[in-house]
Protein chains: 2
Amino acid sequence: MATVNTTARVTMADVAQAAGVSVATVSKVVNNKDGISPARTAHVRRIIDEMGYAASLGAQSLRSRSTGVLGMLVAEFEPFSTELLKGASRAIKATEYELLAYSGRSHSAPEDGWERRHLARLSGALIDGAVIVTPSGTETIFPVPVVAIDPHLDTDALPTVRCNSYDGAFQATSYLAELGHTKIGYLGGRSDLKSSQERELGYRDALLNAGIAVNDAYIGQGDYLPEASQAPAREILSREDRPTAIFAANDLSAIEVIKVAEELGLNVPRDLSVIGFDNVPEAALFRIPLTTMAQPLGEMGEIALNMLAKIISGEEVETQVLLPVELVVRDSCAPPQHRAQ
Amino acid sequence: MATVNTTARVTMADVAQAAGVSVATVSKVVNNKDGISPARTAHVRRIIDEMGYAASLGAQSLRSRSTGVLGMLVAEFEPFSTELLKGASRAIKATEYELLAYSGRSHSAPEDGWERRHLARLSGALIDGAVIVTPSGTETIFPVPVVAIDPHLDTDALPTVRCNSYDGAFQATSYLAELGHTKIGYLGGRSDLKSSQERELGYRDALLNAGIAVNDAYIGQGDYLPEASQAPAREILSREDRPTAIFAANDLSAIEVIKVAEELGLNVPRDLSVIGFDNVPEAALFRIPLTTMAQPLGEMGEIALNMLAKIISGEEVETQVLLPVELVVRDSCAPPQHRAQ
DNA sequence: CTGAAAGCGCTAACAG
DNA sequence: CTGTTAGCGCTTTCAG
């Protein structure tokens, strides 16, 4: 049975009444302001504990413009963002802050600067600053200090931590070429993100570098999303002259590529090599462990959070952090099979 | 350089002024109340978009007692809770809610009902309900509807989703016994959680069932935490007559056991078999892939969130969900080596 | 040292 | 249909 058993919230007024003091006094005790006698302080504190009182974050921030909580804004809690979150959570222990992760209803307006809305909703109330994961808007100033992870913009206007996507894509594609592949496809990510653009560039340059002509029919776009990757993957792989290898812009779409390939009767890696990007746990856990370009996700989350904390406290920090990626070889790539022309 | 570039927050009053209407009108437009002419509604909406306005969650909830956001309260964002979070995030898409995950500063008061404080801070402002992960308090009624995952209590007072810990522990221990082990240790979890107690019970019963006497010197407690697991693991494994297998109450402590074992010069699985519990991604990813009892973490998060949504909307739901666990065999267990007595 | 009072941004009656 | 008014729970002057 669904019994909704709820108590009334205990407010500061309740505490004040129980303690026989004014709310102002309680407030001062709560916030460790001085000007309250030790005796009263102790008394009020006991009542607070007894009643299990904790200041309402909403009301508190409404008035004081500072809450001691940092936000992590994501479009969704998927493998990429949760790895970042783990890192941020690790980093926050060394600070005085609490961590609040927020994922609004981005499913309504897909790529439309959701972070702006989230931020507007949470800042100036609730959070003192935020790290935003893959923001898609063009905004660069917000109501609170912000650091972005893997942002949209081709600008230094926002403190940012990201990985070298160009280099990673170049490495991944070159790896495929070195394996002997010449027909190498690319399934791109969200075209509004800089990371995605860089990955495509790295892919193209690696091809050129290997003396392979770029074939646009081998290029699709999956928006970094499994759902969106299926159709383009199917299209590329259904061609008579299909590629023998595909570099996918992130692991989740790489996995989707493999699924589509198998539906089409292809064996991975025998008939098709697939390499991903990110190295989320799901990549290693997949039935066919995925070869991928690893980003130090946890570290990125940590760095971003530390950066944010420093920025808020007015410290000087390097605001553009670029981390290296690393090839992780697993089972999804192999030299191409010899096929009849 | 650390330039903190921030704009002022745009408030409802700003919008009202820009639109040449009252805040009440704006409020009604924002909340889709009727009673505003289509023309004005459209006009106000345009201004809102232009200014990038979004209602302050804090102020909004302070007044309306309902925010359309559901909370997920965790002590920390570690592998266990983030897997649950992924599931919850999946489930929330089908609802009208937004998801807010919160991890306060539990490092202050370790096992002391942190969830009460988090909830007090967020509820009655901010969230309409919450799923609480491994709450440690004894409270059963809260200011908002709540569902617990893996709670403390031996009670049905709280809507709960959890796994069959007793059965899982029994299976895990039996597996070790079937492999031929007779000296089987146990590294327990947070003793205040029911899951932990059940796992110890399952361990003991499985031993008895296998005709093995329980040796208390083989039993330690790691609080489900890597840090806390090290010392007891070292103690158990340093004994002259050390066990040849250890069942750890969760994966993270199992991994810690392996690390300690290796420091002590033991080879896993040759000299020591280790089995964990949970099947977080880290278990499979560990250098020595960990054999473990899998909990359907994502599913648990989904179920809990759906339960919460239903409870809030007054629907009848089964409030005590018990999910099965499953043995996942990987590389950390082997039959015991023959050793000289 | 303590309390009264004002007001943060918003919503909910209630008048006009 | 629209604006005025009164708070939500809290912090912060400012008098006592």
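Throughout, a chain's letter reflects where its sequence line sits, starting with A, and its residues are numbered from 1.
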Distance in angstrom units between A/Asp14 CG and D/dC8 C1', rounded
13 Å
Suppose we call a contact any N or O donor and acceptor under 3.5 Å apart; does that hold for the side chain of B/Arg63 and the base of C/dG9?
no
Indicate whether the side chain of B/Ser195 and that of B/Tyr224 have a donor and an acceptor atom separated by less than 3.5 Å.
yes
Heavy atoms of other groups near A/Asp34 CG, more than 12 under 6.0 Å
no
If only side-chain N and O atoms of B/Ser56 are considered, is one of them under 4.0 Å from the OP1 or OP2 phosphate oxygen of C/dC8?
no
Taking D/dG9, C/dT2, D/dG3 as options, the one with an atom nearest any side-chain atom of A/Arg9 is D/dG9
Please tell me if B/Ser22 has a side-chain N or O lying less than 4.0 Å from either OP1 or OP2 of D/dG3.
yes
Determine whether more than 12 heavy atoms belonging to other residues, nucleotides or ligands lie under 6.0 Å from atom CD of A/Gln17.
no
Would you tell me if any nitrogen or oxygen in the side chain of B/Arg40 comes within less than 4.0 Å of OP1 or OP2 on D/dT2?
yes
Heavy-atom nearest nucleotide on DNA chain D taken for B/Ile36 and for A/Met12; more 5' hit belongs to B/Ile36
Does A/Ser27 reach a base, just sugar-phosphate, or nothing at all? Heavy atoms under 4.0 Å.
base
Would you say A/Lys33 places a side-chain N or O within less than 4.0 Å of OP1 or OP2 belonging to D/dT12?
yes
Assign A/Ala24 to base, sugar-phosphate, or nothing according to its heavy-atom contacts below 4.0 angstrom with the strands shown.
base
Counting side-chain heavy atoms from CB outward, which of C/dG9, D/dT11, D/dG9 is closest to A/Ala59?
D/dG9
What is the distance from CG of B/Asn32 to P of C/dT11, rounded to the nearest Å?
11 Å
N or O in side chain of B/Thr11 less than 4.0 angstrom from C/dG9 OP1/OP2:
no
Is there a side-chain contact between A/Gln60 and the phosphate of D/dG9, meaning an N or O under 4.0 Å from OP1 or OP2?
no
Separation of D/dG9 P from B/Leu126 CG (nearest whole Å):
13 Å
Are any side-chain N or O atoms of B/Asp128 and backbone N or O atoms of B/Thr67, one a donor and one an acceptor, separated by less than 3.5 Å?
yes
Taking the minimum atom-to-atom distance to the side chain of A/Lys28, which one of D/dG9, D/dT12, D/dT2 wins?
D/dT12
Mind calculating the distance between CG (B/Leu62) and C1' (C/dG7) to the nearest angstrom?
12 Å
Sugar-phosphate only, base, or nothing, as touched by A/Val30 at under 4.0 Å among non-hydrogen atoms
nothing
In whole angstrom, give the distance that lies between atom CG of A/Asp34 and atom P of C/dC1.
9 Å
By nearest-nucleotide position on DNA chain C, the 5'-leaning member of B/Val10 and A/Val21 is A/Val21
Is there a donor-acceptor pair under 3.5 Å between the side chain of B/Ser81 and the backbone N or O of B/Glu76?
yes
Rounded to the nearest 0.5 Å, how far apart are CD1 of B/Ile127 and CG of B/Leu99?
10.0 Å
For A/Asn31, answer base if it contacts any base atom (sugar-phosphate contacts may also be present), sugar-phosphate if it contacts only those atoms, and nothing otherwise; contact means non-hydrogen atoms under 4.0 Å.
sugar-phosphate
Rounding to a whole Å, what distance do you find between A/Gln17:CD and C/dG3:C1'?
15 Å
